[in-house]
Amino acid sequence: MKKLAVTLSFFVFFFSLQLLAQPLNKKQSFTYADTLRGSITPGRSWWDVLRYDVEVTPDYNKKAIAGKTTIHYKIVQDKYSDYMQIDLQEPLRIDTIFYDKKLYINYPGKPYYNDGNVWFIPLPKAAKNSVHSVTIAYHGSPREAVHAPWDGGWIWARDERGRPWMTVACQGLGASVWYPCKDHQSDEPDNGASLTMNVPDTLIAIAGGKLKNKVLKNGLASYTWEVTNPINNYNIIPYIGKYVNFTETFNGEKGTLNCSYWVLDYNLDKAKKQFTQVPQMLKAFEYWFGPYPFYEDDYKLVDAPHLGMEHQSAIAYGNGYANGYLGKAYPSSSEWALKFDYIIVHESGHEWFANNITTKDVADMWVHEGFTNYSEVLFTEFYNNKEAGTDYLLGLRHKIQNDKPVIGIYGVNKEGSGDMYAKGANIIHTLRQVINDDEKFRTLLRGLNQNFYHKVVTTKQVEDYISQKTGKNFSKFFDQYLRTAQIPTLEIRKDKDNMEYKWSNCIKGFDMPVRLSNGAWLQPTTEWTKLKDDNLELKNLDVDKNFYIKTKTIS
Ligand SMILES: [Zn+2]
């Protein structure tokens, strides 16, 4: 009987947990394909990408591409899977494979094959630390973008004058939508990447990094661009259209940075005016975050037929040469949002948070979007004052849903809540309040970019770094704000003689100090604390609005 009682109560407990969890976590089921895409599978773990050389020939009229990608890699395990997992999304098909530059006929008795978007290629075994290459030729009609950049794919657009304009947006969806790669954020090519585009010679082709080669032959133009730094797969992007160029240099913390702007011919005058915001952005962000992380690869803005994307060293720009977000005060409803071009500031902010510091798993993407959303606050503060920054930040709060935790689900290519943006920014701002030392906070932001320079990280590494450098243990703070959807509530209980306060709607042990608008601090815990006599002037207690919390008064 006892056993039954335990089982029953377990069920009751489990069932109530389920009920509690329901509104926050809508039922989600993940497939084998999600695991293949989102985790470090046996076919991925044994090799480290050193470099990608991507070549693509688009056929605008047929909406098709033919491509060839060479993946240079190092073997990092002694014993490992017989197969290399390569992601290449349907309906693209592999035509031929070369192993160490030789045409590769299948490993005896083991053909290469695909399971949906994943290809398994058997390869001869080689010694740990040895370096090899696989070249994959492929072709097909890649998935076409539905609503870029969010619902992405290849974009076969026409410019305002009816001429072909092509690019790709594939964040989340994955770069394997158009070229074969290890489509996981944890493995960036250590030595960079090149992208060769073969196009009609009436069009210009741009990509990240520097132009290494241009060949004109029989009406075709072949452009090769190269980045020398590690890069996210989704940031290796072709831009093909009727582009013209203008340049300038920025004298920054690390020397002279080449800034290059590629815009459609008819946008040249507008761009020359609007892009004066670039050096302003660089100045503000170098102040807050440290040197631009890719001096060797230049800084570029490239006209795109979608809103924008943080493509490393060649940012996609499509904000209509207007301030705000397509001319509107958004995502912040504050009027300060109309003082700058959202895409120039936000997407460039990602050069530090997303491109310099990249998360291993997209579940931790708040590190990209939270800090970058906050970069808009810091930009506003830099050119105006602290109050303006705060105003911009408060204007973001209407975006917060608290629908589910900011951190997503690991191993299945699943981002967390869209709150990673506005709530992420508010979490960072709240953290800044607790640190209560703006210079220390700036040093922390610069330290993150220095310590995790060109690295892939987990949110935990970022959180631990913050705790370590500030000398304050922020683990409960991050657990509360990133791993639950609950907003801590400061409860205040008053009667005629006493006043008490505590944290509720929070995890066990949450004890964030909080500042009142009169400058005094409270140190609430999850237990009631009596307001001391000498603090009685705090009776009309009013929390500093910079903290992202709720308050509740019980009389
Ligand atoms: Zn972003």
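Start at 1 and go down the list; that is how both ligands and their atoms are numbered.
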Check your understanding: Do you know which N/O/S atom name in His346 is closest to the Zn ion (ligand 1)?
Key -> NE2
Practice item. Write the atom name of the N, O or S atom in His350 that is nearest the Zn ion (ligand 1). Key: NE2
Revision key, fill the gap. side-chain hydrogen bond (donor to acceptor under 3.5 Å, both in side chains) filter on Asp190, not counting sequence neighbours, yields none
Practice item. For Glu415, enumerate each residue passing the side-chain hydrogen bond (donor to acceptor under 3.5 Å, both in side chains) test, keeping only those at least two apart in sequence or located in another chain. Key: none
Point to revise | Heteroatom N/O/S of His368 within less than 2.8 Å of the Zn ion (ligand 1) | key: no
Check your understanding: Got an N, O or S from Glu369 under 2.8 Å of the Zn ion (ligand 1)?
Key -> yes
Practice item. Step through it carefully: locate the ring centre of Tyr421, locate the ring centre of Trp366, and say whether they are under 6.0 Å apart. Key: no
Practice item. For a ring pair (Phe, Tyr, Trp, His ring centres under 6.0 Å) with Phe353, tell me which candidate from Tyr374, Phe289, Phe452 qualifies. Key: Phe289
